[in-house]
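See below for the structure under consideration.
All values below were derived from every heavy atom in this structure, side-chain atoms included, with hydrogens, water molecules and symmetry-related copies excluded. Each chain gets a letter, A, B and so on, in the order the sequences are listed, and its residues count up from 1. This structure is a prediction, so every number in the text was calculated from the model and none was measured.
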2 protein chains.
Amino acid sequence: MRDITLKQIAETLGISITTVSKALKNYPDVSPKTRKAVLDLAQSLSYTPNSFAVNLRTKESRTIGLIIPEVVHHFFSNVINGIIDEAEKNGYLVIILQSNESLELEKKQVELLMNKRVDGIIMSLSNESNDDEHLKEILRKEVPFVMFDKISKLIPCSKVIINDQKAAFNAVEHLIQKGCRKIAHIRGPVNPQNAIDRFLGYKKALDKNNIPFDSKLVYTCKNVTFDEGVEFAKRIAAEHPDVDGIFVITDLVAVGVLAHFNEVGINIPEQVKVIGFSNWFMSQVITPKLSTVDQPSFEMGVHSFKLLLEEINTKKELHSFHPRTIELETEIIERESTSES
Amino acid sequence: MRDITLKQIAETLGISITTVSKALKNYPDVSPKTRKAVLDLAQSLSYTPNSFAVNLRTKESRTIGLIIPEVVHHFFSNVINGIIDEAEKNGYLVIILQSNESLELEKKQVELLMNKRVDGIIMSLSNESNDDEHLKEILRKEVPFVMFDKISKLIPCSKVIINDQKAAFNAVEHLIQKGCRKIAHIRGPVNPQNAIDRFLGYKKALDKNNIPFDSKLVYTCKNVTFDEGVEFAKRIAAEHPDVDGIFVITDLVAVGVLAHFNEVGINIPEQVKVIGFSNWFMSQVITPKLSTVDQPSFEMGVHSFKLLLEEINTKKELHSFHPRTIELETEIIERESTSES
DNA sequence: ATCAACACCGAAAACGTTTTCGAAAATACC
DNA sequence: GGTATTTTCGAAAACGTTTTCGGTGTTGAT
């Protein structure tokens, strides 16, 4: 009824706990005979080591923590998928926590994971995050740590990112190529690095193509929702009816834009072309199908875990570790919302 | 540099480990003076108990396991959200594992969690699951266990479900009310209980309204994908052009149906009315907006954890536990895809 | 026969906490 | 002053594993 322990195996076999442990862990100094006896008995009792005891003894739990803004999100759930898969392949489990885009909560979650003594932490910053203290604390305690997507440039840790600026640049140039001359940008919140970078890419593309930048054409999301897309579409139509192209921070918001334009009879792509970001699934099923920038979310998860594992392992040997940054490629997906008129 | 332990606090204060532990855990038999000294020192050293040691000693980890078919899924990610939230409120963390709709993997994940000695397991069955052994093993080891949504009726554990049969019945009656007389059903795979129940609800609604049941009008999904929706829509149009209503197992597939009909110019809802299931977000942004059955996914997660916690706690006192089943309400969401012609 | 080399085993410490139980010290009571 | 009671403390066991280190006993070489 109760859990099988090394002690019980040792007693029924009339040998010491030490030998049982060694037999199970393939130590060389145990005879084939006793090894077989131990293995057989362990098998028949379906012994599994008490992970609590193993954790305490080895000081590791083969568990990592993951903090993301929200689970219900096409991009993040794909990253989770990649992380969980890769982690499991390497014998690690993952605890998932949400920050709900709140700095306060994010700090709490970091603390929770540190107290839990996870072997490492993977994280994507919340939109509110403009404070580094909790991140520095992770480094101070030398807990293996990697950030992905929404990162802080000031924290020296491993990172998995895309080149947001370049990707945004390409997206806007795509619009220009398709004939747009007055291009609005619905950008993300002020804090996140990638919202800033995408905005910079937008600006640079205009610059390079001799289109004057007009700050009135930039709309800033607070919560990055479908409803905000609808709202900004309304405002753009009212304030700048001659806008002929819109680069939107992410597909969810872009879909809101499409919804409004569809409703009021503004034709896409005839009157306005729209391009989103992240290649959400819904983008290919709405009307018109939304052009977007594909972001390798699953791979981002895989690489994030790989970097974390690298840090975990080298920190076990040496004391130090040199963080690495992996930059993944993006790709413009051209669909109906930017097709030539 | 190294982690603070009770021992260190005890030594610098010149008292015993026991007393330090007691002071921190508010035992009555420690004087106010020493308690304050301990608390102050612990505070200033930012002591946190070593959870590995606590786990070993208390035989619990305040961590639960969650196994679902896939993370990248509107319904499941919402359930995850509910579980994580409620768990955290109660001081529990959650480890998430995917079965990828494979029975083999599902079994492996169960084993993994048991070896990890989580305090409990929450689970939704994979579509392949037609074998109970691994579930019975959970009960045998007396690990607190609750299933949600895709359950096994044969396993006596707590459950959180909707009344799939009733919900399906209502959905089909909704179609009938709107004038449909020849109604097809795109159903889920053969194993899952809720695919069966929804099919039964479909049949019952036809029955009650004196519409003859025709097994040729029932199409069975294998993978429950968008592409299958497209495929079945194609076949329905070809094989039964006079079908005027379709009840689809889930929104994702229904959206595939809409996509095909849109493409070939079959008007929805004029020629065919379509109703889905689960109220995925995308359903309200496509054209035409999809009618569906709303399923309280977040609440499902919350209730699942509550039931698990109930079991964890009562099993700590008594040895036994009587499982409970919670049935959540669903609601028809009427949108354009079933609006009156 | 002696010694070295080797194969096999086990005692014991360690990981850091929780909790029981008894002892000592302080206080109360008469 | 003596006894009874309460307050405060600490020794020690326990949770189950891993790993070091030394101790047998056996084999092989000379």
Suppose we call a contact any N or O donor and acceptor under 3.5 Å apart; does that hold for the side chain of B/Lys22 and the base of D/dG10? yes
Taking the nucleotide of DNA chain D with the nearest heavy atom to each, does B/Ala53 or B/Pro32 sit closer to the 5' end? B/Pro32
Measure up the B/Phe75 and B/Phe148 rings against each other and bin them: parallel (under 30°), tilted (30 to 60°), perpendicular (over 60°). tilted
Contact class for B/Asp29 (heavy atom, under 4.0 Å): base, sugar-phosphate, or nothing? base
When only distance counts, do a donor and an acceptor, one from the side chain of A/Ser16 and one from the base of C/dA11, lie under 3.5 Å apart? no
Would you tell me if any nitrogen or oxygen in the side chain of B/Ser21 comes within less than 4.0 Å of OP1 or OP2 on C/dT18? yes
To the side chain of B/Leu6, which of D/dT17, C/dT17, D/dG10 is closest? C/dT17
If you pin A/Tyr27 and B/Val30 to their nearest nucleotides in DNA chain D, which one's is more 5'? B/Val30
C/dA7 base to A/Ser31 side chain: any donor-acceptor pair below 3.5 Å? no
For the pair made of CZ in A/Arg35 and P in C/dG10, what is the distance, rounded to whole Å? 14 Å
Grab the CD1-P distance between A/Ile17 and D/dA14 for me, whole Å please. 12 Å
Pick base, sugar-phosphate or nothing for B/Thr5, based on heavy-atom distances below 4.0 Å to the nucleic acid. sugar-phosphate
